[in-house]
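Working notes, structure below.
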Amino acid sequence: MSDVWDELQWRGLVAHSTDEVALREALASGPVTFYVGFDPTAPSLHVGHLVQVLTARRLQQAGHRPLALVGGATGLIGDPRPTAERTMNDPETVAGWVGRLQAQIAPFLDFDGPAAATMVNNLDWTQGLSAIEFLRDVGKHFSVNRMLDREAVATRLASTGISYTEFSYVLLQSNDYLQLSRLHGCALQLGGSDQWGNITAGCELIRRVDGAHVHALATPLLTKADGTKFGKTESGAVWLDPELTSPYAFFQFWLNAEDATVAGYLRAFSFRGREEIEDLARQAAEAPAARAAQRALAHDVTALVHGEDTARAVEAASQALFGRSDLAALDERTLRDSLAELPSAQASVADVEVVDLFVAAGLAPSRSAARRTIKEGGAYVSNVKVDAEDARLADFPLLHGRYAVLRRGRKALASVRLAP
RNA sequence: GGCGGGUUGCCCGAGCGGCCAAUGGGAGCUGACUGUAAAUCAGUCGUCGUAAGACUACGGAGGUUCGAAUCCUUCACCCGCCA
């Protein structure tokens, strides 16, 4: 466990930390119990959360003991965003999401052995807390003056305003750290760098109340090459839940990583060793067109999240669908398996308009949009360019008598199956 | 409490009685180049429609007018200045 700090540093996972020397020494000298928290604000985590989940896994592999917190209480309140007040979700919804997030996080951690992980929920120590206790025991240690200086709060005060509810969020998260430090001996909180203020507020509360010195570690917010937010596609966030983002789309997201960022993503997300990653980075620099680093990244992350078998299947599908121009050369089984990964449309007769198929398969939002795509020369049926706006499925050869691959532009694919 | 300014399409932001589905920028989409990369350049970008055209839209409601995003009334919200 001696080199985990260097490891995290090298992987670019340390954006901020409390006293580096002390933290490094603590991590090197024995098991440290640490916590990382996620608020149930949606039914699934997305790839942005993955950095923290995987960093927790790395720490556990180095012998440290994780407490995975899903915020059944904080999820009812909402961490202030700089933009606007959050809409409150009702308690039943949040409780349902807690269960889903817990199930999603669990596979990444080991719940047995000497560094066994523990799943915790801040509702356990928060729901019985009275307002008076909370204000006296927690609130008294917070200075409103300092809370007003926090970036998200200041932005909100200058724009849309902020409710007392959200303003109080930091007290709850700080109290979580205090409770976990007492209940479990937790001495390190891990979080995204957007959580830095909340995390250090917890460290300070613990110091004031219990006189103990605990640590904080923030992972950086990853960005794309142009500086925009990582983890969003035109169709929204990239979710870990396969129902929300198909494993195929998930794989494609990583495969499309930009050259400029792929090495950093490999360090942050892949569990490959340093030499191997440096070798892939070298390949990416010398032969970018081969995209070996992107392939490794997409495989690794998909395998971590969806399992090795699924990763292989979507990788094979990607290769089949992108690898050659002659789809007809694929045997039926490979084709069928590949198409199963794509969004799909059913057709009962070959007489349907291609335009309607594009809409049905989700490749175009409306008939007009689909027609526009054809007009722009960006629509294909089984790799044959569609050049008539009123083209019908029957104008194109079917693959194995009943399949067709729809394509919009270079990357957006869908399948059509002609019902018997 | 008083006075003034504002609310436009996914976002920013022009328009200030007909030529406005609405200038421009960004995002998005397509094409060229290339490598399922980035950058660049070009096209496109409310809905339906092959088209002609129809419909919906400029904070909400009502009104004036042959005709309104543009004028009037009113309601809501935001932002300044003065108390």
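Side chains are part of it too, since the values below use all heavy atoms of this structure and drop only hydrogens, waters and symmetry mates. Just so we're clear, the structure is a prediction, and the values are computed from it rather than from any experiment. Throughout, protein chains are lettered first and strands after them, A, B, ... in sequence-line order, and every chain is numbered starting at 1.
With respect to Glu353(A) and Arg371(A), no salt bridge is recorded, no charged nitrogen being found less than 4.0 Å from a carboxylate O. At a threshold of 4.0 Å, the pair Arg408(A)-Glu376(A) does not count as salt-bridged, since none of the basic side-chain nitrogens sits closer than that to a carboxylate oxygen.
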Give every pair of a protein N or O atom and an N or O atom of nucleotides 50-57 of chain B that lie under 3.5 Å apart, one pair per line with the distance.
unit_1: U50(B); atom_1: OP2; unit_2: Arg367(A); atom_2: NH2; d: 3.1
unit_1: U50(B); atom_1: OP2; unit_2: Arg371(A); atom_2: NH2; d: 2.6

Any N/O pairs under 3.5 Å between the protein and nucleotides 33-36 of chain B? List them or say none.
unit_1: C33(B); atom_1: N4; unit_2: Arg410(A); atom_2: NH1; d: 3.1
unit_1: U34(B); atom_1: N3; unit_2: Arg410(A); atom_2: NH1; d: 2.9
unit_1: U34(B); atom_1: O4; unit_2: Arg410(A); atom_2: NH1; d: 2.6
unit_1: G35(B); atom_1: O6; unit_2: Asp259(A); atom_2: OD2; d: 3.1
unit_1: G35(B); atom_1: N1; unit_2: Asp259(A); atom_2: OD1; d: 3.3
unit_1: G35(B); atom_1: N1; unit_2: Asp259(A); atom_2: OD2; d: 2.6
unit_1: G35(B); atom_1: N2; unit_2: Asp259(A); atom_2: OD1; d: 2.7
unit_1: G35(B); atom_1: N2; unit_2: Arg291(A); atom_2: NE; d: 3.4
unit_1: U36(B); atom_1: O2'; unit_2: Asn256(A); atom_2: OD1; d: 2.3
unit_1: U36(B); atom_1: O2'; unit_2: Arg291(A); atom_2: NH2; d: 3.4
unit_1: U36(B); atom_1: O2; unit_2: Gln252(A); atom_2: OE1; d: 2.8
unit_1: U36(B); atom_1: N3; unit_2: Gln252(A); atom_2: OE1; d: 3.0
unit_1: U36(B); atom_1: N3; unit_2: Gln252(A); atom_2: NE2; d: 3.3

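With rounding to whole Å, Glu376(A) atom CD is found 12 Å from G28(B) atom C1'.
Applying the salt bridge (Lys or Arg N to Asp or Glu O under 4.0 Å) test to residues at least two apart or on different chains, none of the pairs has a partner in residues 53-80 of chain A. Every pair passing side chain to side chain donor-acceptor pair (under 3.5 Å) that includes a residue from residues 97-110 of chain A is listed here, sequence neighbours excluded: Ser44(A)-Gln104(A), Arg100(A)-Asp241(A). Sorted by first then second residue, the side chain to side chain donor-acceptor pair (under 3.5 Å) pairs that include residues 281-298 of chain A, not counting sequence neighbours, are Asp259(A)-Gln294(A), Asp279(A)-Arg282(A), Asp279(A)-Gln283(A). For the salt bridge (Lys or Arg N to Asp or Glu O under 4.0 Å) condition, the pairs that include at least one residue of residues 306-316 of chain A, sequence neighbours left out, are Glu308(A)-Arg312(A).
Residues passing the ring-ring contact (aromatic ring centres under 6.0 Å, His included) test with His16(A) are Trp196(A), sequence neighbours excluded. Here Asp395(A) pairs with nothing under the salt bridge (charged side-chain N to carboxylate O under 4.0 Å, His left out) rule; sequence neighbours left out. For Tyr248(A), there are no ring-ring contact (aromatic ring centres under 6.0 Å, His included) partners two or more places apart in sequence or in a different chain. Residues that satisfy the ring-ring contact (aromatic ring centres under 6.0 Å, His included) test with Phe396(A), not counting sequence neighbours, are absent from this structure. Tyr35(A) is linked by a ring-ring contact (aromatic ring centres under 6.0 Å, His included) to Tyr177(A), counting only residues two or more places apart in sequence or in another chain.
OP1 or OP2 of C48(B) lies within a sub-4.0 Å distance of a side-chain N or O belonging to Ser368(A). When the side-chain nitrogen and oxygen atoms of Ser366(A) are compared with OP1 and OP2 of C48(B), one or more of them lie within a distance under 4.0 Å. Not one side-chain nitrogen or oxygen of Arg372(A) sits closer than 4.0 Å to the OP1 or OP2 atom of G49(B).
A69(B) sits 30 Å from G2(B) when the C1' atoms are compared, rounded to a whole Å.
For RNA chain B, the stems formed by at least three consecutive Watson-Crick or G-U pairs, with both atom-pair distances below 3.5 Å, span B:1-7 with B:76-82, B:10-12 with B:24-26, B:28-32 with B:40-44, B:46-48 with B:53-55, B:59-63 with B:71-75.
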